[in-house]
Amino acid sequence: MRAVRPADLLVLVLAVGLVGWSYIHFWQTEQAASLEIWVDGRHQASLPLIEARTLEIEGSIGTSRIALAPGRARFLDSPCESKRCVHTGWIDQGGMVAACLPNRISLHLQGRDRRYDAINL
(Lines give C-alpha, C1' and ligand atoms only; values in the text may rest on other atoms or scores of the structure.)
Protein backbone atom coordinates (compact mmCIF):
# COMPACT_ATOMS: atom_id res chain seq x y z
CA MET A 1 0.00 0.00 0.00
CA ARG A 2 1.31 3.39 -1.03
CA ALA A 3 1.40 6.37 1.35
CA VAL A 4 -0.28 9.65 0.46
CA ARG A 5 2.33 12.11 -0.70
CA PRO A 6 2.26 15.90 -0.22
CA ALA A 7 1.64 16.41 -3.95
CA ASP A 8 -1.47 14.16 -3.71
CA LEU A 9 -2.84 16.36 -0.92
CA LEU A 10 -2.09 19.48 -2.96
CA VAL A 11 -4.05 18.10 -5.93
CA LEU A 12 -6.97 17.18 -3.65
CA VAL A 13 -7.06 20.64 -2.04
CA LEU A 14 -6.90 22.35 -5.46
CA ALA A 15 -9.73 20.16 -6.82
CA VAL A 16 -12.00 20.90 -3.85
CA GLY A 17 -11.19 24.60 -4.14
CA LEU A 18 -12.00 24.58 -7.86
CA VAL A 19 -15.37 22.91 -7.25
CA GLY A 20 -16.23 25.48 -4.58
CA TRP A 21 -15.18 28.40 -6.80
CA SER A 22 -17.18 26.98 -9.74
CA TYR A 23 -20.32 26.71 -7.62
CA ILE A 24 -20.06 30.29 -6.41
CA HIS A 25 -19.16 31.67 -9.83
CA PHE A 26 -21.50 29.74 -12.13
CA TRP A 27 -24.41 28.29 -10.15
CA GLN A 28 -25.09 30.87 -7.48
CA THR A 29 -28.64 32.10 -8.05
CA GLU A 30 -29.37 35.78 -8.16
CA GLN A 31 -32.33 37.86 -7.12
CA ALA A 32 -34.90 38.35 -9.87
CA ALA A 33 -35.02 41.79 -11.51
CA SER A 34 -37.91 41.42 -13.95
CA LEU A 35 -40.81 39.18 -14.91
CA GLU A 36 -41.72 37.97 -18.38
CA ILE A 37 -45.31 36.84 -18.88
CA TRP A 38 -46.07 34.39 -21.68
CA VAL A 39 -49.62 33.54 -22.80
CA ASP A 40 -50.31 30.75 -25.29
CA GLY A 41 -46.63 30.64 -26.28
CA ARG A 42 -46.42 34.37 -27.03
CA HIS A 43 -44.55 36.99 -25.04
CA GLN A 44 -47.19 39.15 -23.36
CA ALA A 45 -45.22 41.56 -21.15
CA SER A 46 -41.93 42.30 -19.38
CA LEU A 47 -42.33 43.98 -16.01
CA PRO A 48 -39.78 45.16 -13.44
CA LEU A 49 -40.15 43.60 -10.00
CA ILE A 50 -39.81 46.81 -7.99
CA GLU A 51 -43.27 47.35 -6.52
CA ALA A 52 -46.12 45.25 -5.13
CA ARG A 53 -49.20 44.92 -7.31
CA THR A 54 -51.72 42.43 -8.66
CA LEU A 55 -52.31 41.63 -12.34
CA GLU A 56 -55.14 39.85 -14.10
CA ILE A 57 -54.05 37.92 -17.18
CA GLU A 58 -56.56 36.36 -19.58
CA GLY A 59 -55.61 32.82 -20.60
CA SER A 60 -57.25 30.14 -22.71
CA ILE A 61 -59.73 28.99 -20.01
CA GLY A 62 -60.14 32.16 -17.96
CA THR A 63 -58.42 34.84 -15.91
CA SER A 64 -55.39 34.19 -13.71
CA ARG A 65 -54.45 36.60 -10.95
CA ILE A 66 -50.72 37.22 -10.50
CA ALA A 67 -49.11 38.91 -7.47
CA LEU A 68 -45.89 40.89 -7.87
CA ALA A 69 -43.68 42.06 -5.01
CA PRO A 70 -40.15 43.46 -5.01
CA GLY A 71 -37.97 40.67 -6.43
CA ARG A 72 -40.68 37.96 -6.61
CA ALA A 73 -43.94 36.83 -8.25
CA ARG A 74 -46.64 34.16 -7.85
CA PHE A 75 -50.02 32.93 -9.06
CA LEU A 76 -52.74 34.01 -6.61
CA ASP A 77 -55.62 32.30 -8.41
CA SER A 78 -56.29 30.54 -11.68
CA PRO A 79 -59.29 28.81 -13.27
CA CYS A 80 -57.55 25.44 -13.55
CA GLU A 81 -58.80 22.50 -11.47
CA SER A 82 -55.61 21.36 -9.73
CA LYS A 83 -54.27 24.83 -8.78
CA ARG A 84 -50.69 23.56 -9.01
CA CYS A 85 -49.63 26.98 -10.25
CA VAL A 86 -51.02 28.56 -7.08
CA HIS A 87 -49.37 25.93 -4.87
CA THR A 88 -46.00 26.69 -6.46
CA GLY A 89 -45.87 29.79 -4.27
CA TRP A 90 -43.43 32.65 -4.65
CA ILE A 91 -40.65 32.41 -7.20
CA ASP A 92 -37.78 34.78 -6.55
CA GLN A 93 -34.57 33.74 -8.33
CA GLY A 94 -33.48 34.55 -11.87
CA GLY A 95 -34.31 31.63 -14.16
CA MET A 96 -37.26 30.33 -12.11
CA VAL A 97 -40.56 29.59 -13.87
CA ALA A 98 -44.15 29.10 -12.68
CA ALA A 99 -46.84 28.00 -15.12
CA CYS A 100 -50.55 27.28 -15.34
CA LEU A 101 -50.54 24.74 -18.16
CA PRO A 102 -54.33 24.42 -18.57
CA ASN A 103 -54.64 28.22 -18.86
CA ARG A 104 -51.44 28.43 -20.98
CA ILE A 105 -49.83 31.19 -18.87
CA SER A 106 -46.23 31.10 -17.66
CA LEU A 107 -44.15 33.44 -15.54
CA HIS A 108 -40.39 33.63 -16.20
CA LEU A 109 -38.11 35.51 -13.80
CA GLN A 110 -35.05 37.21 -15.21
CA GLY A 111 -32.00 38.21 -13.20
CA ARG A 112 -29.76 41.15 -13.88
CA ASP A 113 -27.13 38.90 -15.48
CA ARG A 114 -28.67 36.76 -18.25
CA ARG A 115 -25.55 34.70 -19.00
CA TYR A 116 -26.73 31.62 -17.11
CA ASP A 117 -30.04 30.10 -16.13
CA ALA A 118 -31.23 26.55 -15.53
CA ILE A 119 -31.06 25.70 -19.23
CA ASN A 120 -28.12 27.98 -20.12
CA LEU A 121 -29.60 29.36 -23.34
Side-chain angles (χ1 to χ4, degrees):
M1 185 169 182
R2 202 172 112 204
V4 176
R5 297 181 179 153
D8 296 333
L9 290 176
L10 177 65
V11 169
L12 179 64
V13 167
L14 288 175
V16 169
L18 181 62
V19 169
W21 176 83
S22 296
Y23 174 77
I24 291 169
H25 186 71
F26 293 113
W27 293 289
Q28 193 74 15
T29 58
E30 68 172 310
Q31 188 71 21
S34 64
L35 169 70
E36 290 185 356
I37 300 172
W38 292 73
V39 179
D40 202 20
R42 292 186 208 103
H43 184 263
Q44 189 78 13
S46 291
L47 305 168
L49 292 172
I50 56 175
E51 64 181 352
R53 63 183 179 170
T54 302
L55 306 171
E56 291 189 355
I57 307 295
E58 191 65 34
S60 62
I61 63 171
T63 302
S64 291
R65 287 188 324 122
I66 312 295
L68 305 182
R72 60 189 191 158
R74 72 172 294 172
F75 280 91
L76 286 176
D77 190 34
S78 201
C80 58
E81 288 183 25
S82 67
K83 306 284 188 209
R84 289 185 186 176
C85 54
V86 175
H87 297 300
T88 298
W90 290 102
I91 56 174
D92 60 1
Q93 301 296 318
M96 292 182 86
V97 175
C100 180
L101 298 180
N103 206 20
R104 303 185 55 89
I105 296 175
S106 61
L107 310 176
H108 302 250
L109 293 185
Q110 302 298 321
R112 294 187 199 328
D113 184 4
R114 295 189 62 164
R115 291 182 304 163
Y116 302 101
D117 65 8
I119 303 173
N120 198 13
L121 296 174

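The residues of the chain are indexed from 1 along the displayed sequence. Everything numeric in this text was worked out from a predicted model, so none of it was measured.
Using a 4.5 Å heavy-atom cutoff, the side chains of R42 and Q44 are not in contact.
Residues meeting the side-chain hydrogen bond (donor to acceptor under 3.5 Å, both in side chains) test with D8, sequence neighbours left out: none. By the side chain to side chain contact (heavy atoms under 4.5 Å, CB included) test, V13 is found to be paired with no residue, residues two or more places apart in sequence or in another chain being considered. For L10, the side chain to side chain contact (heavy atoms under 4.5 Å, CB included) partners two or more places apart in sequence, or in a different chain, are L14. Partners of H87 according to the side-chain hydrogen bond (donor to acceptor under 3.5 Å, both in side chains) rule, which considers only residues two or more places apart in sequence or in another chain, do not exist here.
Residues M96 and L47 share a hydrophobic cluster, clusters being chains of Ile/Leu/Val/Met/Phe/Trp/Tyr side chains in contact below 4.5 Å. Put simply, L55 and L49 are part of the same group of oily side chains (I, L, V, M, F, W, Y) that touch within less than 4.5 Å, one to the next.
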Can you give me every donor-acceptor pair (side chain of residues 64-80, partner residue at least two apart or in another chain, under 3.5 Å) with its distance?
residue, atom, partner, partner atom, Å
S64, OG, S78, OG, 2.6
S64, OG, N103, ND2, 2.8
R74, NH2, V86, O, 3.2

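Here side-chain hydrogen bond (donor to acceptor under 3.5 Å, both in side chains) pairs that include residues 49-60, with residues two or more places apart or in two chains, are E58-T63.
Contact detail for L109 and Q93: the closest heavy-atom pair is CB-O, 3.6 Å. Listed here is the closest heavy atom pair of A45 and H43: O-NE2, 3.4 Å.
Atom SG of C100 sits about 8.0 Å away from atom NZ of K83, to the nearest 0.5 Å. The CD1 atom of I105 lies 6.5 Å from the CD1 atom of I57; values are rounded to the nearest 0.5 Å.
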